[in-house]
Amino acid sequence: MKVMYKDGHAAECQAEEELHIIRHTAAHILAQAVKRLYPQARFAYGPATEKGFYYDVDLGDVKLSDEDFPAIEAEMAKIVKENLPIKPFILSREEAVKLMQERGEIYKVEHIGDLPEDAELSFFQQGEYIDMCVGPHLCYTKALKAFKLTQLSGAYWKNDKNNIMLTRIGGVAFRNQTEMADYMKLMEEAERRDHRRIGKEMNLFMLCDEGPGFPFFMPKGMALKNALIDYWRDLHYEANYVEVSTPMIMNRHLWETSGHWDHYKDNMYATKIDGEDYCIKPMNCPGGVMVYKSQPHSYRELPLRVGELGLVHRHELKGALHGLFRVRCFTQDDAHIFMRPDQITDEIMGVVGLINKVYSKFGFDYFVELSTRPENSMGSDEDWNAATDGLKAALEKLNMPYIVNEGDGAFYGPKIDFHLRDSLGRTWQCGTIQLDFQMPLNFGLEYIAEDGSRQRPIMIHRVCFGSIERFIGILTEHFAGKFPTWLAPVQVKVLPVSDKSLDYAKEVYEALREKKIRCELDTRNEKIGYKIREARQVDRVPYMLIIGGKEVEERTVSVRDRATDETAAMSMDEFLSKVCKEIDERL
C-alpha cells in the first residue's frame with residue numbers, strides 16, 4: 001500500500017505499519033465529516049489505536065448519541081467516495097499558529113505552544129479539511145475501504161480533570177470488509193461474554209450508584225473469589241511464602257517516605273485522624289516494608305518471601321470505571337521478596353515459574369514486556385541500571401522472549417509485565433515483577449551480612465492475578481461464565497422431578513454438602529426441563545443431578561454434564577468420587 005509522508009514523498013509502507021496508517025487516516029476523515037455536519041466543532045487529538053481510531057472534539061452545546069453515528073458514517077463514506085488527495089505541507093511556528101487561529105482550532109494552538117521551539121510543524125490537507133499531524137497517511141481518501149463508528153465517551157482535554165470535557169468519537173478500520181466483518185463477529189462474541197452481564201445473570205457481584213467503582217460481591221461471587229484465594233494460598237505455601245496483613249490507613253509520612261505522596265497522591269484517598277493526615281493505601285508495599293523493618297534480619301533468613309492479600313483503594317475517574325476491570329477498590333495479591341544481590345536472578349526465575357503455573361492452570365498463554373525507567377522516577381542511574389540488568393539476566397537465563405517497553409517502569413524500579421491472551425485472543429496485563437532498590441533505601445532497611453556488616457536488601461514487588469476482582473472479570477469472559485468445576489460458584493445442582501422425589505433429593509443434597517461441595521437444591525414447582533435449562537444456560541452449573549422416580553427406587557442419580565449436555569446414571573458414591581477428584585485436583 002502506498003502512503004503519503006509529511007515531506008511530500010509517497011512510498012510503499014511495511015505490512016506492520018499498514019493498519020496504523022489506515023486508522024490514522026480514518027481519524028482525519030472522521031474529523032472532516034464531523035466538521036461538515038457540525039461547523040462549530042473544534043478538534044483536540046485524533047490518533048490511531050491498536051484496534052481503531054478516535055477523535056476528541058469540542059462540539060459546544062451539542063450532545064451526540066449513538067443515533068448520530070449513521071449520519072457521520074454516511075458523511076465519511078461521501079468523503080471516501082470523493083477520492084480527495086491527502087497532501088502534506090510544513091509551516092513555521094508563526095504560520096502554524098496563524099492558520100489554526102484563523103480556523104478557530106484553539107486546542108491545536110495550545111498544542112503548538114506545548115511543542116519544543118525547534119519542532120517541525122507538519123500538516124495534511126484533504127479537500128477543505130486541514131489537520132496538524134506528523135503522518136503518514138493514505139494518499140487518497142478512497143483508499144479507506146472499511147470503517148465503522150463504535151463508541152462514544154467523554155475525555156478531558158490533555159487527560160486533566162481540571163480541563164474541559166470533550167466528546168470522544170471512536171471507531172474501527174480495517175484493510176477490507178472481510179477483516180472488519182470478522183472483527184465485528186468477535187465483538188459480538190465479546191459482548192455475549194461481557195462479565196457485567198454474566199455477573200448479573202449468575203448473581204456474582206453488583207455495582208450500584210451508592211458506591212461507584214466499589215463492587216459488591218454476592219454469595220456466589222464470594223464463593224468464586226474464595227476459591228481463587230484458596231488456590232493462591234496453596235501455591236504460596238508450596239513456594240515458602242509467609243502471609244501478613246497490614247493496615248488499610250496509614251500516616252502521610254509513610255507515603256512521603258515511600259515516594260507515593262510525590263508520585264501518586266492524585267490517585268490516593270486522604271483523611272485526617274487526630275489532626276494529622278492519613279492515606280488509605282493504594283498499594284500494599286509500604287506496609288510490607290514496615291513488617292520487614294519491625295525486627296533485625298540476618299543474611300541467613302533471606303530471601304524472605306512475604307505475601308499479602310491487601311484491599312487497596314485508588315481514585316479512578318468516574319468515566320474510566322468499567323465493571324470489575326476498572327474499579328476504585330480491589331484486592332491485590334501482592335508479595336514482597338527481600339533478598340541479597342546474589343539472589344536476584346534465582347528469585348525472579350522463581351516468580352516467573354509461579355506466574356506461569358497460575359496462567360497455565362486457566363489455559364492462558366502470554367507474552368512478556370520489560371518496562372524501563374520512566375521520566376518521573378526516583379533513584380540513581382547506577383541502581384536503575386543494576387535493577388534493569390537483573391531482570392534481563394533472569395529472562396535470558398529462562399530463554400524467555402520479551403519486548404522492551406521503554407519508559408514504562410514504576411517510579412521506583414523497572415518491571416516485567418505479563419500480558420495474557422484469553423479465549424477471544426484479547427490481551428490483559430495482569431502479573432508483574434518489579435525490582436526495587438529505592439524503597440529499601442528510603443526506609444533504611446538492613447540485614448546483617450556474613451561478615452557482620454550491615455547491608456541493604458533488594459526488594460521484589462510482584463503480583464500473579466494483579467487484582468483478584470479484575471481477574472474474576474477476565475476469567476468470567478474467558479470461560480463465558482462456564483467455570484471449571486473447582487472454581488464454579490455452584491458446582492452441583494440437585495433437581496427433583498416432583499415432590500415425590502423431594503425426600504431423596506434432600507438426602508443427595510446433604511451428602512454433597514457433607515463433602516463440602518458447593519451445591520443447591522431446586523425445590524421450585526417448575527417443570528424439570530425448565531430447571532435443567534436454567535441451571536445449564538443461566539447458572540452455568542457444571543453438573544445437574546436429576547432425581548425422579550427411577551433414581552429414588554434405585555438410589556442413584558442421573559448426572560447431566562454441562563460440557564456435553566448428556567445424561568448418565570451413576571451411584572452416589574461414583575458421582576461423589578468424580579466431583580471430589582475434580583475439586584481436589586482443581587480440574
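Side chains included, hydrogens not; waters and symmetry mates left out as well; all remaining heavy atoms used.
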Do NZ/NE/NH1/NH2 and the carboxylate oxygens of D522 and R524 come within less than 4.0 Å? yes
Aromatic ring pairing F214/Y269, orientation class (parallel under 30°, perpendicular over 60°, tilted between): tilted
Honestly, is K225 close enough over F217, meaning NZ or CZ under 6.0 Å from the six-membered ring centre and within 45° of the axis? yes
Quickly, which of R328, K161, R326 forms a salt bridge (Lys or Arg N to Asp or Glu O under 4.0 Å) with E316? Name it, please. R326
K578 bridged to E582 by N-O distance under 4.0 Å: yes
Step by step, work out the side chain to side chain contact (heavy atoms under 4.5 Å, CB included) result for N284 and V312. CA-CA 7 Å; N284 296 307; V312 299; 3.6 Å; yes
Would you find more than 12 non-hydrogen atoms of other residues, nucleotides or ligands less than 6.0 Å from R513 atom CZ? no
Would you say the side chains of S558 and E551 form a donor-acceptor pair under 3.5 Å? yes
Can a donor-acceptor pair be found, under 3.5 Å and without considering hydrogens, that links the side chain of R536 to the backbone of R562? yes
Regarding R23 and the six-membered ring of F174, is the cationic atom NZ or CZ under 6.0 Å from the ring centre and inside 45° of its axis? yes
Do you know which of F367, Y402, W428 makes ring-ring contact (aromatic ring centres under 6.0 Å, His included) with H419? F367
Using 30° and 60° as the class limits, which term best fits the ring planes of F362 and Y231: parallel, tilted or perpendicular? perpendicular
Looking at K281 and E308, does any basic side-chain N land under 4.0 Å from a carboxylate oxygen? yes
Looking at K220 and E520, is any side-chain nitrogen of the basic one under 4.0 Å from a carboxylate oxygen of the acidic one? yes
Under a 4.0 Å N-O cut-off, is there an ion pair linking R560 with E566? no
May I ask you to decide if C464's main-chain N or O and Y359's side chain share a donor-acceptor pair within less than 3.5 Å? yes
When you measure from the centre of the six-membered ring of Y54, is the NZ or CZ of R168 under 6.0 Å away and within 45° of the axis? yes
For the residue pair R193 / S423, report whether a side-chain donor-acceptor contact shorter than 3.5 Å exists. yes
